[in-house]
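Written out below as structure tokens is the structure these notes cover.
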Amino acid sequence: MSLIGAKVLRKEDPNLITGQGLYVDDLQPAGCAFMATVRSTQPHARIVAVDTSAARSIDGVLAAWTATDIANLPARPSSLPGMDMPLITGDVARFVGDIVAVVVAADRSTAADAAEAVIVDYEPLPAVASLGQALATDAPMIHPVLQGNTVFFQDYTEDLSAEFAAAPRTASLSLVNNRCAPVPIEPNVVLADWGPAGLTVWAAFQAPHHLRNTIAAFFGISQDTTRVIAPDVGGGFGAKINFASEIFLAAALSRALSRPVKYTQTRSECMVAMFHGRAQEHKVDVAFDDSGKILALKVQVTQDQGAYPDATGMGLPVLTTAMSAGCYKIPKVAVSWRNVVTNTTPVAAYRGAGRPEASYMIERVIDLVADETGVDPIEVRKTNFIPADGFPYQTHSPLAVYDSGNFAGALDELLRHVDYPALKAEQAARMADPTEKLLGIGFSSWLEIAGFGPPGSLEAFGHLASWESAQVRVQPDGSAIIYTGASPHGQGTVTTFAQIAADQLGIDFDRISVRHGDTAVIPQGIGTMGSRAVAVGGEGVKTASTRVFERAKKIAAHLLEATEDDIVVENEEFHVRGTPSKSVPWSQVAWKSFQPLELPAGMEPGSLDATVFQQVPNFSFPSGAYCCVVEIDRETGEVEIRNMYLVDDCGTVINPMLVEGQVHGGVAQGIAQALYEHMQYDESGVPRTATLMDYLVPAAPDLPGYVSGRTVTLNPSNTLGAKGVGESGSVGAPPAVINAVVDALSHLGVKHIDMPATPQKIWSILRGSK
Amino acid sequence: MGMIPARFDYRQAGSVAEALQLLVSCDDAKLLAGGHSLVPLMKMRLVSPATLIDISGIAELQGVADTGSVLRVGALTRHRVVERSQVVAQHVPLLAHVAGLVGDPQVRNRGTIGGSLVHGDPAADLPSVALATGATMIVTGPAGERRITAADFFVDFLETAVGPDEILTAIEFPKRTGAGFGYEKFVRRSMDYAIVGVAVQAGEQPGIALVNMGSVPRRAEAASQALASGAAVDAVAALAADGTNPPEDLNANADYRRHLASVLTKRALLAAGYR
């Protein structure tokens, strides 16, 4: 019986739900010292002086470093030349949160006291807090190497003026994709121990080998004596792919002090120091006809990079513009983008990284076309969908060749759950009765690019390669250990990979362990991001397991004096097909695989061990159709999500429970972006939402129950058929929610509302309409 | 930045008398009850008292007593106890109801009624109950006990009439047995502080009090008077924000808060049984 698709309980949970997980902050080696940071309180300022003398005089303080103490170290890796992010900034502070000094003390409280005792003398400089300010004429500049604040500009890839001039109808839309803070429950945490035998770094990180290789290069040391361990990691959402400066500082301080140095970001620091996500503005022009058929699309993305452009962050608009056509066959698409620096926290990957921005844009455009033509949004979608037999589909972007999908099928499946005519009738009845709340119905047919990726795809973001490693090692007792280069931080990889291996090996799920996160033990790996763990890493586990199984069959055939092709496995017993009595248990095959005298001629001992660096030929393209139904209180402007219908197509489902969990979490983050979360700065660049009192991460009671459906189109790039699902919800949910809110208010002439759709914004609209 | 308080001395008081004595003998001391207002401020280093006097173990300050015409609630009574008290639910149902809306269950299991009132936060729920029901605060100091009406208790932003050498020991709520009540709390996110809240106590001497409509917890005086004189619900609600100077923040500007105060007042009045 196959375990693929089985609702197996998570192997991770007994530890995690009884509080026995092991996180970096749980580690407390002998002699461990604590690092604390002094961060700029100024958005942009010349640093006149940093006085650490009072901090140094505090009992228990071991070090207080400023920029001069790290003059021999490079800037933060993944920076752009000339716009490097210093680990400790010396001359100029460029955002609130920029590190100005670090202190180390024997205990955490003393370190906090010492950080407070550091006196920084700032001379404020004019700052740019928004894209508008950054791009204004004579705007203050952040990096002298730039002319202005634009890091990179790509003009429209094509001139579509003829298409727009010839089109029966055109419309335009300006959108803001609100800046979000990742807010994992566990912030950035690092413990560095630099001893005579080498450097070991425990870090809350999503790609430990990537970090190990980068640390080694950073310090000019050898990879073999550099070890990175990512133990249990409490959420990452992409933010833990970024090379946090604190990791390198802790290692440098450990070397200098000859003792382990630990740093645990406080929540207050995490809000301004952990890189943010989204932060785009879009200007969109669409040409279409009276039937709602889209003829041409122009998309201009302006990406706020924050104070220091990050290599991953620079790629966000590339992904957004690659995916700008969504599920639709649009004859002409021209895209343009601009990366801009501001005096704010740097921006990089955050769950979906560039794709939620694309789906939000194109799904808002679809509803705009529906509104302009009077054609129902469902019909506009169906009119423009790439047909189910239209794959592979080459988009306007060389990056994106859609592999498979059935967008109309997903929407039809959605409409099986949603009684659309009844909702439309209810909407009309409520509109007519001023005592009733308004009803809004919003759809999103979304698509994303995931399963990173084909050769070259992650290299572009500085990774070693784009494959993922998997090693399967059968132990002498017939149990198996899987080593994966993927580095889970909540995905349930330990469970899904054991399911995949169990199927291929014929070894019981309970006797398969999955290990990850330690570069001293795991073959060189890449990491977990871009919804790639199952689609690439899981496929690797399958490939390696198959290789091991073929060798085990050879041994079993030898022991049973049968031919290999007749050997089958059942209940951990190899036997000859049709002759169940002639059998040998897996445990014996495993045991004998290590004993040369028991092996067939030419077979080496220890052969039930295979390592694979799994490549895939293309990205994967998870898709789906969501519907959100909102009620809006006409007196207060409050939006309440009444229903959320979710149809996901992630290809083959390994574990439906985990897929549901990923979708629910992603949708929660999508709803959060649409209604609650917005990292805001005042005009001078001071964050206004730097605590969880002001930055509204929704709580469980704020979220609706979900109705889930599923369609399955297989991923042709792997034999599992799985596409990945980690980011889907955050890609699909925001447009569904905002389309519903706009739908509820469209009778008032509302064409668009920027996220988050707060009660005050909606009240202002309702009041204005009276 | 955040989460680790500055160093402080910690003293435990076993009785009110001992706590009063420690208040005099320790410099720059703060009383620690449930800690749910004080500790976050300390962790952000917005306050850094030299000494914390832990009064949470003082038995005489805990629990609810029915003294006939009033309910006397010890200042250290936890929100959860108030929320679940049958006596409170019967005689001051508005108090039991609102106590159940403070924060989340963890907060309610630690936070105390006295701590919430003496913090004087205009965004907190319970001051509005004290104001709407006409409660009296019992404060004990070196000179003995004094009684302060709720209306006189809240002085300024995060400042009450309790002196630096005094302790709020109990709150007396006049019984409102059988009278209607309403509480409306507008939040963007569940379990948060109110963006605006309105408490309505029906019956004889009805009262309406507002949450987060100024720098100080306050009664909606004009609306309360209109209610007492029998004005219609809409007319009363229209007066809710009269004389207020609401704060402005990311969630609501002053206009929106005034509007919400009226909407919520109407809803609370309807819940309290007014038509």
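Residue numbers start from 1 in every chain, and the chains themselves are labelled A, B, ... in the order their sequence lines are given, proteins ahead of strands.
- Residue-environment remark: CD (B:Glu159) exceeds the threshold of 12 foreign heavy atoms within 6.0 Å.
- Using a 4.5 Å heavy-atom cut-off against chain A, the contacting residues of residues 262-275 of chain B are B:Val263, B:Arg267.
- Remark: A:Asp59 CG is loosely packed, at most 12 non-hydrogen atoms of other residues, nucleotides or ligands lying under 6.0 Å away.
- Remark: the backbone N or O of B:Ile4 is paired with a side-chain donor or acceptor of B:Arg45 at under 3.5 angstrom.
- Between A:Asp694 and A:Arg688 no salt bridge is recorded (no basic side-chain N to carboxylate O distance below 4.0 Å).
- No more than 12 heavy atoms of other residues, nucleotides or ligands shown are found within 6.0 angstrom of CG on B:Asp27.
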Item to complete: Evaluate salt bridge (Lys or Arg N to Asp or Glu O under 4.0 Å) for A:Glu638 paired with A:Lys761, printing each intermediate quantity in order.
Response: CA-CA 10 Å; A:Glu638 189 180 18; A:Lys761 264 187 210 172; over 6 Å; no
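- Counted within 6.0 Å of CZ on B:Arg80, heavy atoms from surrounding residues, nucleotides or ligands total more than 12; the atom is thus considered enclosed.
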Worksheet item: What do the steps show when you test B:Ser215 against B:Asp156 for side chain to side chain contact (heavy atoms under 4.5 Å, CB included), and what is the final call?
Response: CA-CA 7 Å; B:Ser215 56; B:Asp156 206 338; 4.2 Å; yes
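- When heavy atoms are compared at a cutoff of 4.5 Å, A:Thr110 approaches chain B by way of both its backbone and its side chain.
- Considering all non-hydrogen atoms of both residues, B:Met213 and B:Ala261 come closest at CE-CB, 3.7 Å.
- With respect to chain B, the highest number of heavy-atom pairs below 4.5 Å among A:Ser764, A:Pro759, A:Ala36 belongs to A:Pro759.
- Partner of A:Lys262 under the salt bridge (Lys or Arg N to Asp or Glu O under 4.0 Å) criterion, out of A:Asp107, A:Asp26, A:Asp25: A:Asp25 alone.
- For A:Gln42, the side chain to side chain contact (heavy atoms under 4.5 Å, CB included) partners two or more places apart in sequence, or in a different chain, are A:Ser40, A:Ala45, A:Tyr122, A:Pro124.
- No part of A:Gln265 comes within reach of chain B, as not one of its non-hydrogen atoms sits under 4.5 angstrom from that chain.
- Of the two parts of A:Pro698, only the backbone, made up of N, CA, C and O, holds a non-hydrogen atom closer than 4.5 Å to a non-hydrogen atom of chain B.
- Contact annotation for residues 229-255 of chain B against chain A (heavy-atom separation below 4.5 Å, listed by residue number): B:Leu250, B:Asn251, B:Ala252, B:Asn253, B:Asp255.
- Residue contact with chain B, scored on non-hydrogen atoms closer than 4.5 Å, is absent for A:Val639.
- With sequence neighbours left out, the side-chain hydrogen bond (donor to acceptor under 3.5 Å, both in side chains) criterion links B:Ser56 to B:Asp54.
- Residue contact with chain B, scored on non-hydrogen atoms closer than 4.5 Å, involves the side chain of A:Asp633 exclusively.
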